[in-house]
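Contents: one structure, followed by commentary.
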Amino acid sequence: MMKALTKTVIATAITAATMSTAYAADPITVYGKLNVTAQSNDYYEDGKNVSNTTIQSNASRFGVKGAFELSDSLEAFYTVEYQVDTGNASSDNFTARNQFVGLKGNFGAVSVGRNDTMLKKSQGKVDLFNDLEGDLKSLFAGENRMAQTATYVTPSFSGFQAGVTYVADADSKQQEENGFSTAVMYGDAGLKKSPIYASIAYDSKVKGYDVARATVQGKIAGFKLGGMYQQEEKLNSNVKNKGYLLSAAYSIDAVTLKAQFQDMENKGDSWSVGADYKLGKPTKLFAFYTHNTPESGDDKDKYFGLGLEHKF
């Protein structure tokens, strides 16, 4: 079933990308990235120390997206994206990522389907080790992509934008409760159109948690500095945690040096250092070291990786 679906997606993308100009009114964009690392891993699993080496994929993906102008004031858009795990022993190595359809106009944008929540989107690019072992999701709740969502995002007003995601109670991860994820954002998350990006966000009953999050990132004297503060509460329990993340990056020609520290109450802390070497606009070599320590202070996890990423 998955093989047939994968072949269908790829065939559709290739056909659309090579269609004649007579059908170019509904263009499609094929995109994706391959991020693969050779890693030395030393971690604890089920109370036992595990040491191994891996050649692994880090959220590599393949997708198609497009938009169609329905009128002067209304546009339809869509995304169908899959994650591909190059290191999976099975050849059926595709899993679903964002897959949605929507309408966009002067009113903003509405989309329905499988999608990241607004709280997850609100982090911008503050997590410099996203998709690697130092990803903030290892300690922070709220990094959710939910299957049954409806999202509304306002137009931008003087750099400000807001959005809300509704998660249906029929979603298997919702414990039969409706959830809402909201965010207000300012600036450009890529820091290309503005020198600062900031957001506040809140999850209510999303995947078993209430979460409040504030994020800021900006450029100062050649440095890219970021921070996040979060309060999270697990539903139907007395477990409440507070945590923060700090990140910094500095570029010297084609090299970007990176460092990040995060701590979450009752869970532990994690620090990472690394460097990216840009070979070209879509391609980079990178290296990282991540050290995770649980709240107990025992069973520390250590990861060292060398990788190659190419976007297309």
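Please read these numbers as outputs of a predicted model, since none were measured by experiment. Side chains included, hydrogens not; waters and symmetry mates left out as well; all remaining heavy atoms used.
- Using modelled atom types, one finds a donor on one side chain and an acceptor on the other under 3.5 Å when comparing Y31 with E81.
- Side-chain contact annotation: D301 with N292, donor-acceptor N/O pair under 3.5 Å absent.
- Salt bridge absent: E143 and K120 never bring a charged side-chain N and a carboxylate O closer than 4.0 Å.
- Side-chain contact, E309 with N35: a donor N or O sits under 3.5 Å from an acceptor N or O.
- T182 contributes no side-chain N or O that, together with a main-chain N or O of V164, makes up a donor-acceptor pair within less than 3.5 Å.
- Between F180 and Y166, the gap from one ring centroid to the other is short of 6.0 Å.
- When all heavy atoms of Y78 and P27 are compared, the closest pair comes out as OH-O, 4.0 Å.
- Relative orientation of the Y244 and F261 rings is tilted, given thresholds of 30° and 60° on the angle between their planes.
- For S194 (side chain) and D188 (main-chain N/O), a donor-acceptor pair under 3.5 Å exists by modelled atom type.
- Between Y197 and M185 the shortest side-chain heavy-atom distance falls below 4.5 Å.
- For the pair S90 (side chain) and N93 (backbone), a donor-acceptor distance under 3.5 Å is absent.
- The backbone N or O of E177 sits nowhere less than 3.5 Å from a side-chain atom of D169 that would complete a donor-acceptor pair.
- Between the side chains of T53 and S40, no donor-acceptor pair is found at a separation under 3.5 Å.
- Residue A96 comes nearest to Q99 through the heavy atom pair CB-NE2, 3.6 Å, listed as atom of the first residue, atom of the second, then distance.
- Of the possible polar contacts, none joining the T290 side chain to the E133 backbone as a donor-acceptor pair under 3.5 Å is found.
- Side-chain contact check for N144 versus D116: every heavy-atom pair is 4.5 Å or farther apart.
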(message) Using the rule given for ring pair (Phe, Tyr, Trp, His ring centres under 6.0 Å), can you reason through Y82 versus F62, listing the C-alpha separation, both sets of side-chain angles and the distance that settles it, and then say yes or no?
(response) CA-CA 5 Å; Y82 288 91; F62 174 89; 8.3 Å; no
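- Test R61, Q83, K137 against D131 for side-chain hydrogen bond (donor to acceptor under 3.5 Å, both in side chains) and you get one pass: R61.
- Side-chain contact annotation: T165 with S181, donor-acceptor N/O pair under 3.5 Å absent.
- R213 has its side chain within reach of F140: a pair of non-hydrogen atoms, C-beta onward, lies under 4.5 Å apart.
- Looking only at distances, no side-chain donor or acceptor of T149 sits under 3.5 Å from a matching main-chain atom of M146.
- Contact check for E295 versus M264: no side-chain heavy atoms found under the 4.5 Å cut-off.
- Applying the 6.0 Å contact sphere to CG of D253 captures no more than 12 heavy atoms from other residues, nucleotides or ligands.
- Using a 4.5 Å cut-off on side-chain heavy atoms (C-beta onward), M118 and V153 make contact.
- Considering all non-hydrogen atoms of both residues, G222 and Y250 come closest at O-CD1, 3.3 Å.
- In the model, E265 has no side-chain atom that pairs as donor or acceptor with a side-chain atom of Q230 under 3.5 Å.
- Defined by atom type and a distance below 3.5 Å, a donor-acceptor pair is missing between the side-chain atoms of N115 and R145.
- Remark: the backbone N or O of A168 is not paired with any side-chain donor or acceptor of N178 at under 3.5 angstrom.
- Minimum heavy-atom separation, D276 to F286: OD1-CB, 3.2 Å.
- In this structure, the side chains of V211 and L119 come closer than 4.5 Å at one or more pairs of heavy atoms.
- Judged purely by atom type and a 3.5 angstrom limit, Q123 has no side-chain atom pairing as donor or acceptor with the backbone of S199.
- Using a distance-only test at 3.5 Å, with no hydrogens or angles considered, a donor-acceptor pair links the side chain of K258 to the main chain of L128.
- Between V239 and E232 the shortest side-chain heavy-atom distance does not fall below 4.5 Å.
- Side-chain atoms of Q39 and T37 form a donor-acceptor pair, as typed in the model, at a separation below 3.5 Å.
- Taking 4.5 Å as the limit, some side-chain heavy atom of Y43 sits within range of a side-chain heavy atom of Y303.
- For the pair D42 and K302, the salt-bridge criterion is not met [side-chain N within less than 4.0 Å of a carboxylate O].
- In this pair, H291 and Y289 present their aromatic rings tilted. The plane angle is within the 30 to 60° band.
- A donor-acceptor pair is defined here as one N or O able to donate and one able to accept, closer than 3.5 Å; no such pair exists between the side chain of Q217 and the backbone of L225.
- Judged by distance alone, the side chains of D127 and Q260 do bring a donor and an acceptor atom under 3.5 Å apart.
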